[in-house]
Amino acid sequence: MTEIKKVPVKVAAAILGKSEQFVRCGLQYQRLKFGFAVSSNPNKKNATYSYHISPKLFMEYTGCTTEDIVCTAEKIGVVL
């Protein structure tokens, strides 16, 4: 079985049936409790963000499995 250290935003969005922007904003505004966003400069309007989605918390939130994440990633061409 593949160990997943984090779930890419693109994969999370595909599993949730939402846009990547939905996932990013949800993490930035702490509405989605399965990960977090870190700003490069929180005081600037054009700050860039880095995202972390915990596989464990994401699986608890969605009810999906590790295999679901791996299959979705393969289907949409994302390397885990």
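All residue numbers refer to positions in the sequence shown, counting from 1.
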> Has S40 got a side-chain atom pairing as donor or acceptor with T48's backbone, closer than 3.5 angstrom?
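Yes; at least one donor-acceptor contact below 3.5 Å.
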> Give the minimum heavy-atom separation between L27 and G35, together with the two atoms involved.
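For L27 versus G35, the nearest heavy atoms are CD2-C, 3.6 Å.
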> Parallel, tilted or perpendicular: which describes the rings of F34 and F58, with under 30° parallel and over 60° perpendicular?
perpendicular
> If I compare all heavy atoms of H52 with all of K5, which pair ends up nearest, and what's the gap?
CE1-O, 3.5 Å
> Between Y61 and F36, is there shared hydrophobic-cluster membership here, with clusters defined by ILVMFWY side-chain heavy atoms closer than 4.5 Å?
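No, it is not one cluster - the side chains of Y61 and F36 are not joined through contacts under 4.5 Å.
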> Return the minimal non-hydrogen interatomic distance between T72 and A14, and the atom names on each side.
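Heavy-atom minimum between the residues: CG2-CB, 3.8 Å.
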> Looking at P55 and V7, what are the two nearest heavy atoms and their distance?
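In terms of heavy atoms, the two residues are closest at CA-CG2, 3.8 Å.
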> Write down the atom of T65, the atom of D68, and the distance for their closest heavy-atom approach.
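Distance-wise, the nearest heavy atoms are N-OD2, 2.8 Å.
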> Please answer: with hydrophobic residues joined when any side-chain heavy atoms are less than 4.5 Å apart, are V23 and V38 in the same cluster?
no
> Compare all side-chain heavy atoms of M59 with those of I69 and state whether any distance is below 4.5 angstrom.
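Heavy-atom side-chain distance check passes, below 4.5 Å.
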> Looking at every non-hydrogen atom in both residues, tell me the closest pair between Y51 and K6 and how far apart they are.
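That closest heavy-atom pairing would be O-NZ, 4.4 Å.
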> What's the spacing between L32 CG and L57 CG if we round to 0.5 Å?
11.5 Å
> Quick one: pull up CZ in R24 and OH in Y49 and give me the separation to the nearest 0.5 Å.
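Here the interatomic distance stands at 12.5 Å.
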